[in-house]
Amino acid sequence: GLRSLAAARFLRRRAMNESWNFTPIGHIRSPFREKFGIPRQSGLVRTATAELVLRPPHDRPESLRGLEAFSHLWLLFVFHAARGGARRTVRPPRLGGNTRLGVFATRSPFRPNPIGLSVVELAGIEHHAGRTVLRLRGIDLLDGTPILDIKPYVPYADSLPQARGGFADSPPDARLQVVFDEAVEQRLRDEGEEGARLRALIEDVIAPDPRPAYRQDETPGREYAMRLGDHDVRWRVNEAGIAQVISRTALPPAEGEIS
């Protein structure tokens, strides 16, 4: 009746004018300690694994009951390291950094509300040492990323093969062949399974060419550095267009690092 209609109008007006505050339910422990090298989309580097550490009281087993039946999850997160505030237009790396598009036509972190969305593979759920941890694959998240919510990925509703993808209608074309200098290769071999996992991650992160588009045509030989977990990885692209991993150095954990 009239009372229900008035109540609906009141709620609509309040929702249009109200501010909302959210508290993270957990944080990400990721090998990506800095922006450079993070895959440009989730799922592109399956060897990029991470942990989602849940905060109390969201770490109770009953909150996750049934989640193990799903292979993939949606993660709603905060672009916590984005600096400079919101922008009306941005330059997507996919377009070479020279074309401006409206921020809402991109996945740029420089948004009015710096919120992101990723689909990740659920590799397992563990309860140990007073913590609940979700093990994830195919992530594209910076270490320490605050997570606002988890939702199961439902293929029949969430997969839309007929959808149009605008300027990102297909996967990136750029692929680099990756080789390792013999000293780096031997050291990784000496480290057994852990070294093999690290080698696969390094190769999978470099192969899609994480360089900014404006640097991909520059003079060969420039050295690039990226931090993957507790490792400083140095590489360059030679005149043949092959990425050479020239060093891998173990680093101490950074002060204040998420654990």
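Throughout, numbering of the chain's residues begins at 1 and tracks the sequence.
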Cluster check [X], [Y]: I/L/V/M/F/W/Y, side chain < 4.5 angstrom:
X: L148; Y: L141; result: no
X: V205; Y: F36; result: yes
X: L76; Y: V78; result: yes
X: I246; Y: F180; result: no
X: I115; Y: W20; result: yes

Quick one: do E182 and R189 satisfy salt bridge (Lys or Arg N to Asp or Glu O under 4.0 Å)? Show the steps, please.
CA-CA 10 Å; E182 182 54 37; R189 279 198 297 265; 3.0 Å; yes

Going from [atom1] on [X] to [atom2] on [Y], what distance comes out if it is rounded to the nearest 0.5 angstrom?
X: K35; Y: L142; atom1: NZ; atom2: CG; answer: 10.5 Å
X: I38; Y: I139; atom1: CD1; atom2: CD1; answer: 7.5 Å
X: T145; Y: L75; atom1: OG1; atom2: CG; answer: 10.0 Å
X: S30; Y: E51; atom1: OG; atom2: CD; answer: 10.5 Å
X: L201; Y: E203; atom1: CG; atom2: CD; answer: 10.5 Å
X: D181; Y: R248; atom1: CG; atom2: CZ; answer: 13.0 Å

Mind listing the closest non-hydrogen atom pair of [X] and [Y] along with its distance?
X: G144; Y: H27; answer: O-CB, 4.2 Å
X: L176; Y: R211; answer: CD2-NH2, 4.3 Å
X: Y153; Y: S159; answer: OH-CB, 3.5 Å
X: S63; Y: P57; answer: OG-O, 4.3 Å
X: V45; Y: P39; answer: CG2-CG, 3.7 Å
X: F104; Y: P112; answer: CZ-CG, 3.8 Å

Please tell me if the side chains of [X] and [Y] come closer than 4.5 Å, counting only heavy atoms from C-beta onward.
X: E126; Y: R135; result: yes
X: L52; Y: V133; result: no
X: L136; Y: L73; result: yes
X: F110; Y: F79; result: no
X: D140; Y: S118; result: yes
X: R227; Y: L251; result: yes
X: R236; Y: P220; result: no
X: R94; Y: R40; result: no

Run the side-chain contact (heavy atoms from CB on, under 4.5 Å) test on V245 and V179 for me, step by step, so that the C-alpha distance in whole Å, both residues' side-chain angles and the decisive distance to 0.1 Å come before the verdict.
CA-CA 6 Å; V245 180; V179 299; over 6 Å; no

Please check this pair: side chain of [X] against backbone of [Y], looking for a donor-acceptor N/O pair closer than 3.5 Å.
X: R111; Y: S108; result: yes
X: T106; Y: V103; result: yes
X: T89; Y: L101; result: no
X: D143; Y: R33; result: no

Quick one, T249 with D232, criterion side-chain hydrogen bond (donor to acceptor under 3.5 Å, both in side chains). Give me CA distance, side-chain angles, the key distance, then yes/no.
CA-CA 5 Å; T249 306; D232 177 77; 4.8 Å; no

For a quick check under 3.5 Å, do H127 and T132 share a side-chain donor-acceptor pair by atom type?
yes

Run through E194, E193, E185, E191 and flag the one making a salt bridge (charged side-chain N to carboxylate O under 4.0 Å, His left out) with R199.
E185

Check salt bridge (charged side-chain N to carboxylate O under 4.0 Å, His left out) between E18 and all other residues, then give those that pass, not counting sequence neighbours.
R14

Output every pair passing salt bridge (Lys or Arg N to Asp or Glu O under 4.0 Å) with a member in residues 52-71, not counting sequence neighbours, ordered by first then second residue.
R60-E62

Apply side-chain contact (heavy atoms from CB on, under 4.5 Å) to residues W235 and Q244 and explain how you reach the verdict.
CA-CA 5 Å; W235 57 281; Q244 296 175 292; over 6 Å; no

Not counting sequence neighbours, list each pair that qualifies as a side chain to side chain donor-acceptor pair (under 3.5 Å) and has a residue in residues 71-80.
W74-D158

Determine, step by step, whether Y224 and M226 satisfy the side-chain contact (heavy atoms from CB on, under 4.5 Å) criterion, reporting the C-alpha distance in whole Å, the side-chain angles of both residues, the deciding distance to 0.1 Å, and the verdict.
CA-CA 7 Å; Y224 294 90; M226 61 174 60; over 6 Å; no

